[in-house]
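To start, the structure under review is shown below, and the notes come after it.
Read the numbers this way: they start at 1 and go in the same order the structure lists the ligands and their atoms.
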Amino acid sequence: MRDLNSQSQPQSSILLEWYDQHARSLPWRISPADRAAGVWPDPYRIWLSEVMLQQTTVAAVKDYFHRFTSRWPTVADLAAAPDADVMAEWAGLGYYARARNLLKCARVVAQDYGGIFPNTYDGLIALPGIGPYTAAAISAIAFDRQATVLDGNVERVMARLYDIHVPLPTSKPQLKEKAAALTPAERPGDHAQAVMDLGATICTPRNPACGICPWRTPCAARAAGTATELPKKTPKKPKPTRIGIVYLARSAAGDWLLEQRPDKGLLGGMLGWPGSDWTDSPDSPAPAPPFEADWQLLNAEVRHTFTHFHLILRVMLAELPAEFAAEENQRVIARHDFKPTDLPTVMRKAFDLWKGC
Ligand code: SF4
């Protein structure tokens, strides 16, 4: 181990030594020892994990990752999967546009690239659903390229390491510049993962464990006593609240009426309950039940928060007539085929309310 006290500037080599000992074991990750022995990560698994991890935690993603890779072990398998199966498997992870783009991307890679992901940032960013962050992460982690990966963990570490008090998101370019300057030519993929791990396990938001941090000596925020104040963030505007109605219709035999949502927009392409638009008007949304019936209002409401608004859904119940003729976007799901886990979370909450009645 190096003499940490000799550090005046943060050095990647010190962090990599720490990573060699303390890297998290993740289902998509190649350990530093295996990587040193010449094992390369599977770009499909790195891509899948990065898409799943956007806006979500490792803990929330692990089971989804295992299910996806067991069911579709290669990008060609995923590309050949029916849309409905992939959307159902994704249900609960949220941000459903990502699942639709995931499929689009898999099909482009399978059809246009012979099932092999491009190995450059420029090639990756040209694919559907891959933005600058994901392209950088895949370039670094899967192909060991010197790309700068800036996620929330890395932003926090950089803001503290250099005691940067400019609030996010204004500080992003500055934080990226710092992260880029630290990225080494040797082992850039391990370096990127090491900074992420440091942020996830040591330089945590509330209680950074500075005493055991490999960058404790050069860390400016530690010296200034400002670590827990950083990174500063521009206060967010309060989210508006929208309201809507969902209609749960169940036949005497226990079959359910569901509707496929339009491809564009929130929860696009997912199955859900028929319902009204979601409106932020203080007046009630216009009711639009899927059929005439004696609809009963459930004595509880669904509350759910999306990225940009809170949603309150009233839940109406009625019996689905035996002779009900479903429209093109509607499906009557037989009792034994109905799986609440196939529904997006907000729709599952309505089901859970019904079940709890
Ligand atoms: S010394 Fe503390 S604040 Fe600085 S990088 Fe390490 S854990 Fe974060």
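- We find that Asp277 and Arg242 are not joined by a salt bridge, their nearest charged nitrogen and carboxylate oxygen being 4.0 Å or further apart.
- The protein atom (non-hydrogen) at minimum distance from atom 6 (Fe) of ligand 1 is Cys213 SG, 2.4 Å.
- Ion pairing between Asp197 and Arg24 holds under the 4.0 Å rule for side-chain N and carboxylate O.
- Close approach of ligand 1 to Arg160 (heavy-atom distance below 4.0 Å) involves ligand atoms 3 (S).
- Of all protein heavy atoms, the one closest to atom 8 (Fe) of ligand 1 is Cys203 SG, 2.4 Å.
- The existence of a salt bridge linking Arg187 and Asp190 is confirmed by a sub-4.0 Å separation between a basic side-chain nitrogen and an acidic carboxylate oxygen.
- Atoms of ligand 1 found under 4.0 Å from any heavy atom of Ala227, numbered from 1 in the order shown, are 3 (S).
- For the pair Arg261 and Trp278, the cation sits on the ring face: its NZ or CZ lies under 6.0 Å from the ring centre, inside 45° of the axis.
- Between Glu89 and Arg71 there is a salt bridge, with a side-chain nitrogen of the basic residue lying less than 4.0 Å from a carboxylate oxygen of the acidic one.
- Residue contact annotation: Cys219 places an N/O/S atom under 2.8 Å from atom 4 (Fe) of ligand 1.
- A cation-pi geometry, defined here as NZ or CZ lying under 6.0 Å from the six-membered ring centre and within 45° of its normal, does not hold between Lys239 and Phe309.
- Per-residue contacts place Arg216 under 4.0 angstrom from the following atoms of ligand 1 (heavy atoms of the residue considered): 1 (S).
- The closest protein non-hydrogen atom to atom 2 (Fe) of ligand 1 is Cys210 SG, 2.4 Å.
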